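Here is the structure we will look at.
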Amino acid sequence: MQRALITTLCAMLLLAATPSLAQEPPPAAAAPAESSPADQGALSMDARLEQLSPSDPEAYFLLGEEAIDEAQLDLAVRLFVLAARFDGDRFGRSACLALAEIEKRRGRSMEERDLRSLAALLSDSETVESPEALGLKEAEREFRRAASLLSSMLGFYRQGDGQKALAALELNDATQRLAKEFGRSFGSIGQIMSFCRNYPRCPTCRNERIIKCPSCHGGASPGQCALCGGQQFIICNICGGEPGERIAPTDLDSMLLFEVALQSGEQASWSARMAVDQARARPVLDLSMLPRWYEINTTLTVYRDGQWTMP
Amino acid sequence: MTPEALRLEILGTTSGRIGPFALLGLTPDRCEPHHVRTAVDSLLARIDARAGSDDAAADALRREIRAAASLLLNAEARRALIDDYHKVRQSVAAGSPAPAAPAARAGSNGSARTASGAPNYPPAFLRDLLAAWVSAGGWNGKARHRIIAAGAQHGVSGEALLDAILTMPVTLATPRDTPLVGPPPAAFAGGLDGAPALNVSDVLSYRDAHEAAKRNLFVAMMAFLACAAIVVPFAVWVFFQINVAGPKPDPAVTAALNTPTAPIKRPAAPTLPTIENENINLPVSPLSQTFAGVLEQLDRDSAAASTLDQTTLNLFASAATQGRKQWMVFDGAGRERLRDVLVSAIYRLGRDQASAASLVSLLDPEQPRWMAPDGLTGRAWSVGMLAVLMREPDLPAPVRSVVEQHWRRHVSTGAPPRSGDFDAAARFALREMITPLVGAVTIESGAVESWIAWLQCVTTVSDKDQAEGLALESARQLLVEGPDLSTSDSAGRVLAALFSAVRWNDSTAARSALLAWWDEPRISADDLAVVSSWIVSTGAIPGLDDSFIVPTDAGAEQRAELRQRLAEAWAAAGQAAGAAPARTGIDDWIFRADRLLTEPVRVTPEELLVQTINVAFHNSAAALVWAGRPEDAALLLSGVESRLADARLATEVDPGRAQAPIGGDGEWAVQYFRAAKNNDREGMKQLIERLPSDIAGELGPINAAVLADIALNGQPRDMRDVALDTIAGSYASGPNVLLALADKMIPDRSDGELSAAIERITTEDLPDPRDEQWYRVARLALLRRAAYLRGALNANAVIDSLGDLLAAVYADRLLRTTPSSLDPAEAAKLSFEQWVEVARPMQPIAPLPATLHQITHRAAIRAAVLDDPIGRFHAWQMATLEAACYVTSSERPAARQELADLLDSTTQRLAASRNAMEQLLIAERALTKVWEVRFGQAARGGGF
Ligand SMILES: [Zn+2]
Ligand SMILES: [Zn+2]
């Protein structure tokens with residue numbers, strides 16, 4: 001499954017405009033040492049990892065929480081995934097919530113949403129959270145907003161208005177994700193953006209498309225100016241009245257289909273949706289999916305000599 | 001004082017299953033009448049001393065004691081009891097387990113018994129016994145005569161007759177808790193050669209149980225029958241009557257036998273004592289001479305008169321009034337004649353507004369009490385006549401407008417009937433009456449007569465299928481919304497009347513409707529008990545005996561089991577008649593399903609979707625087979641290939657790419673700029689307004705961009721409105737213009753004019769322009785329209801038509817009517833909800849994969865996460881799968897592990913899949929496997 005949880009986003013194209021996502025925010029509190037028991041606080045993380053054994057899944061989970069506090073998010077992820085793997089009934093739901101928290105810190109709202117949903121699916125209480133309470137609606141709104149922004153940006157690009165296009169696209173996790181989807185279908189958004197940077201607008205008509213006759217400067221009377229034929233105005237001789245990049249009709253069709261399908265959400269037609277994602281598999285919300293999502297080999301359960309190995 | 005405590009105190013035991021000897025403290029040696037009387041007196045005195053006279057437990061015990069005494073006071077019964085007592089003693093001595101006390105059973109030698117020991121009276125005799133009771137209205141002299149007559153007719157001896165009356169509750173009714181029929185209690189095995197024994201307290205507890213259940217007349221009658229205190233003396237009375245009469249039949253008996261109207265041959269529906277079928281199928285006859293004369297006169301007068309005079313109007317009124325009242329009793333020719341004369345008269349006389357109004361209002365008068373029998377008959381006729389008039393092409397204008405007015409009054413709700421067809425329109429009117437009439441059953445006792453009239457109308461204007469359909473629809477609504485049948489006598493009578501229009505054994509509609517009632521949680525077990533009692537007692541469906549009667553406390557599992565028996569009974573009947581039995585339907589289905597499941601998985605999305613649809617067809621067929629409709633299932637499957645082919649063909653259609661823009665793009669823009677530079681407002685305005693007459697339909701990109709610019713940012717401001725108006729009015733089908741408008745829109749800048757114009761162009765509803773969503777929604781609407789006009793949305797249209805087919809297939813498995821076109825996800829959701837309805841009454845100990853609440857919640861979450869159309873379908877498809885597992889594992893807990901493994905492996909396969917269409921296929925195949933499990937269980941015999 002091509003989950004984008006761990007795999008790099010398509011940041012390469014957007015890198016220039018993107019604040020680095022790899023940088024973790026500093027831990028909210030610099031208090032991990034205080035919160036851990038005194039005797040263990042003295043031990044290094046490596047030493048404590050070596051003490052772990054699959055027979056005590058709780059220890060993995062607790063150490064995972066400490067790893068979050070120490071901003072070792074990848075390590076925390078592995079510990080939570082293992083804890084959930086060893087005892088899904090006890091730690092499955094908590095692990096999902098903890099992982100969701102990590103994804104929130106990483107700014108990956110979609111992953112956070114999936115994990116929270118999975119946690120909700122695992123809830124055994126009768127009063128389970130509503131989709132709203134899970135932030136699904138929030139994520140949905142964010143996604144729609146991003147789709148709308150991307151579409152606006154493409155619209156301005158189509159109109160040859162590079163400056164507005166660049167201003168319209170606010171780069172965040174959601175728009176990058178969409179840009180990646182777009183890249184799958186049409187080639188890169190990055191190219192479009194660099195075109196826009198080089199072409200803020202037609203330098204001659206400033207996207208008015210019609211300019212004062214450069215020959216008679218708009219002063220000709222009928223029949224007198226050879227260039228404008230007395231019309232005083234002509235179609236911009238630089239952009240030909242169509243500023244911006246020429247887009248082949250089929251590309252334009254694909255682009256429109258993409259925008260419409262993305263923004264229509266569940267109202268889109270199946271074919272439109274397929275044009276967007278080529279019928280890529282849908283995520284399977286199931287606890288057994290965690291190792292797969294994070295590409296963690298759960299047979300490597302113990303930590304020896306700085307490595308995860310089989311016991 | 002609790003019943004147990006009282007029994008312990010008085011009888012020395014808490015057992016409820018003790019015979020008359022133990023109850024009265026007597027033995028076969030000491031059971032002469034004076035012993036019995038002494039024992040009864042002393043027991044009753046002790047009860048009086050212990051409990052208040054109003055104590056229900058004490059009352060029950062008193063009745064039990066009196067009943068035991070009546071048995072022992074009868075010489076015949078006593079002999080039989082003594083016989084049994086000794087038999088049980090012997091079996092105890094032989095080491096077999098024995099009942100706690102001998103059981104009462106009369107006439108052990110008198111009647112034939114089958115090898116298995118069940119009383120084996122001619123079934124017709126038992127029915128006649130019942131009928132005698134029903135037609136006589138209770139245990140009275142009339143019943144006695146008829147019962148004796150029935151006995152004589154069937155050659156049943158006096159002793160056997162007594163036996164029959166005493167065991168009637170055993171033979172004809174299902175006890176609530178204690179199984180009197182079916183496998184005998186273990187304690188009886190071998191003892192009494194397996195015969196189901198009647199014991200006094202059983203009878204009484206049975207009676208009490210039913211009294212408590214307060215069922216309908218039929219069940220109440222069974223309870224009444226079961227009351228030994230009444231039955232026994234009555235039986236004895238009958239017995240003596242026979243003895244007294246000797247070999248020579250009583251004259252009363254002969255009379256009863258020879259009375260041709262005695263309803264002994266076939267019992268009337270017990271819930272239907274006053275409604276005879278003849279009343280519903282009215283005898284029709286030609287028009288009476290007088291009425292034919294009236295019509296003749298009207299026809300002549302209206303032809304002669306140039307305007308409407310009072311005499312003709314009176315004639316018309318008389319014809320219309322009589323027609324409204326009596327149209328159902330006229331034969332076809334008579335009805336047609338009436339119709340023709342009235343329509344011709346209206347043609348001739350309705351030339352002015354006043355005449356038209358008075359004529360039409362005679363056909364369709366105001367009716368404050370339309371629900372009265374006369375009223376609804378008239379209303380059905382009125383609507384039929386209006387429909388006929390609606391279709392008349394050359395009706396004078398005044399009449400037409402009045403007719404339309406009246407028509408609209410009747411067809412304001414629901415889908416209007418085809419105009420022109422009297423019968424169809426009348427049926428429409430009758431269908432509209434169902435809901436109010438069902439409501440009337442609750443509150444009005446006169447509703448029964450209205451229902452009879454309604455049925456008479458229905459049978460007059462319908463063929464058998466249509467009448468049956470309406471009757472079934474009414475019956476269902478009555479069961480779901482009407483009063484409890486046990487408390488409402490009229491509801492029972494209405495139901496029985498409706499049933500008379502149903503062909504239980506020959507119509508698939510009736511079968512599926514009846515089966516669906518067993519699945520319908522809103523129909524209570526109490527009501528099903530009445531329905532099943534009716535079916536059994538009338539023999540409406542062959543092969544069902546009293547064990548089919550639904551217990552009032554039946555849970556979902558039991559309902560499912562009885563439902564299965566119903567389907568099997570039909571299958572067996574069909575087999576006897578040479579039709580394909582249901583079991584063959586199942587085998588055939590499993591054979592095909594196995595083949596589908598082993599097909600290799602395809603590669604392209606389109607091929608995968610086709611494969612999924614194929615499997616989905618089989619799952620819908622499974623639902624039909626399960627509902628006892630194997631023919632419909634076969635029909636559905638036979639259409640798979642052609643429907644798939646149609647779906648693939650339907651994609652050839654092009655939405656009509658908008659015409660290419662006219663050459664000379666930009667000339668108009670140049671002129672506009674020039675006018676603007678000269679500040680020539682009038683010129684600018686005219687240029688915009690005249691643009692469509694120069695360049696119609698679509699503009700080139702330059703003109704389009706300039707026009708869109710004007711519409712969004714034009715100066716002076718009133719140019720914007722002119723431009724918007726031009727776009728909305730003339731370029732709503734021009735993708736260049738619409739795309740330019742969409743792409744030039746700026747967030748946070750909206751106005752009402754722009755919003756209204758976009759609504760006009762796209763015919764979509766937009767949020768308020770001040771709403772923060774407005775920009776996104778409005779722009780999307782324009783983009784969608786532009787993309788559509790460019791044909792861009794057509795890129796992979798075969799997927800859409802296949803998706804629609806998938807939705808249709810899902811809709812096919814819903815055993816109720818659905819909207820004609822459904823979004824696939826909606827259809828899957830409905831399918832899920834149908835499973836939930838089946839599942840809701842079930843109470844599995846270990847629900848799989850989760851509680852119903854959780855399954856529903858998970859479905860909602862999945863649908864929210866997978867918020868695209870394919871994903872949403874998949875979410876509800878998975879929910880359907882889970883609900884199907886829930887239902888199947890509840891029906892058959894033994895299959896729980898099998899289903900759990902199936903769900904697990906499905907999850908792993910879904911996760912391993914790279915293609916959404918393949919995921920749909922995986923889920924659909926899993927559902928097929930669940931159906932296989934469900935059928936596998938049914939195939940193992942329904943029960944254990
Ligand atoms: Zn230019
Ligand atoms: Zn010039």
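Naming: A, B, ... by sequence-line order, numbering from 1 per chain. Heavy atoms only: backbone and side chains are in, while hydrogens, waters and symmetry mates are out. All values reported here derive from a predicted model rather than from experimental measurement.
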| message | Applying side-chain contact (heavy atoms from CB on, under 4.5 Å) to A:Glu259 and B:Arg784, what does each step give before you reach the verdict? | response | CA-CA 9 Å; A:Glu259 292 173 46; B:Arg784 191 183 288 127; over 6 Å; no
| query | Do B:Leu910 and A:Arg282 pass the side-chain contact (heavy atoms from CB on, under 4.5 Å) test, and can you show the C-alpha distance, the side-chain angles, and the key distance before you say yes or no? | reply | CA-CA 9 Å; B:Leu910 288 173; A:Arg282 299 301 185 255; over 6 Å; no
Quick check: closest heavy atoms across [X] and [Y], and the distance to 0.1 Å?
X: B:Ala912; Y: A:Arg292; result: CA-NH1, 3.9 Å
X: B:Ile799; Y: A:Ser271; result: CG2-N, 4.1 Å
X: B:Arg790; Y: A:Pro249; result: NH2-O, 3.3 Å
X: A:Gly241; Y: B:Ile702; result: O-CG1, 3.6 Å
X: A:Met289; Y: B:Ala911; result: SD-CB, 3.0 Å
X: A:Ile235; Y: B:Gly666; result: CD1-CA, 3.8 Å

Can you tell me which portion of [X] sits under 4.5 Å from chain A's heavy atoms? Options are side chain, backbone, both or neither.
X: B:Ala740; answer: both
X: B:Ile855; answer: neither
X: B:Glu918; answer: neither
X: B:Leu920; answer: side chain
X: B:Tyr672; answer: neither
X: B:Arg776; answer: both
X: B:Ala669; answer: both
X: B:Arg872; answer: side chain

Roughly how far, to the nearest 0.5 Å, is the [atom2] atom of [Y] from the [atom1] atom of [X]?
X: B:Leu783; Y: A:Met255; atom1: CG; atom2: CE; result: 11.5 Å
X: B:Asn915; Y: A:Met274; atom1: CG; atom2: CE; result: 7.5 Å
X: A:Lys212; Y: B:Lys677; atom1: NZ; atom2: NZ; result: 6.0 Å
X: B:Trp668; Y: A:Ile210; atom1: CH2; atom2: CD1; result: 9.5 Å

Among [options], which residue forms the greatest number of heavy-atom pairs with chain A at distances under 4.5 Å?
options: B:Thr907, B:Leu609, B:Val777; result: B:Thr907
options: B:Gln908, B:Arg779, B:Arg858; result: B:Arg779
options: B:Ala742, B:Pro824, B:Gly803, B:Pro747; result: B:Pro824
options: B:Met745, B:Gln773, B:Lys744, B:Gln671; result: B:Lys744

Check each atom of [X] against the heavy atoms of chain B and say whether the ones under 4.5 Å are side chain, backbone, both or neither.
X: A:Gln159; answer: side chain
X: A:Ser152; answer: both
X: A:Ile234; answer: backbone

| Trace of the side-chain contact (heavy atoms from CB on, under 4.5 Å) decision for A:Glu208 with B:Phe673 | CA-CA 10 Å; A:Glu208 297 261 309; B:Phe673 267 72; 3.6 Å; yes
| Which residue out of A:Glu242, A:Lys164, A:Arg145, A:Arg273 racks up the most heavy-atom pairs below 4.5 Å with chain B? |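 Greatest number of close heavy-atom pairs with chain B: A:Arg273.
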| request: Heavy-atom pairs under 4.5 Å with chain B are the metric here; pick the option from A:Val260, A:Leu285, A:Leu262 that has the most. | output: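 So the answer, after comparing A:Val260, A:Leu285, A:Leu262, is A:Val260.
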| query | Is the backbone of A:Trp270 close enough, under 3.5 Å, to the side chain of B:Asp800 for a donor and an acceptor to pair up by distance? | reply | yes
| said: Would you say A:Ser148 and B:Tyr775 are linked by a side-chain donor-acceptor pair, where the criterion is simply a distance under 3.5 Å? | reply: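 No - no donor-acceptor pair under 3.5 Å links their side chains.
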| message | Any non-hydrogen side-chain atom of A:Leu252 less than 4.5 Å from a side-chain atom of B:Leu739? | response | yes
| field | A:Phe156 side chain near B:Ile746 side chain, heavy-atom distance below 4.5 Å | value | yes
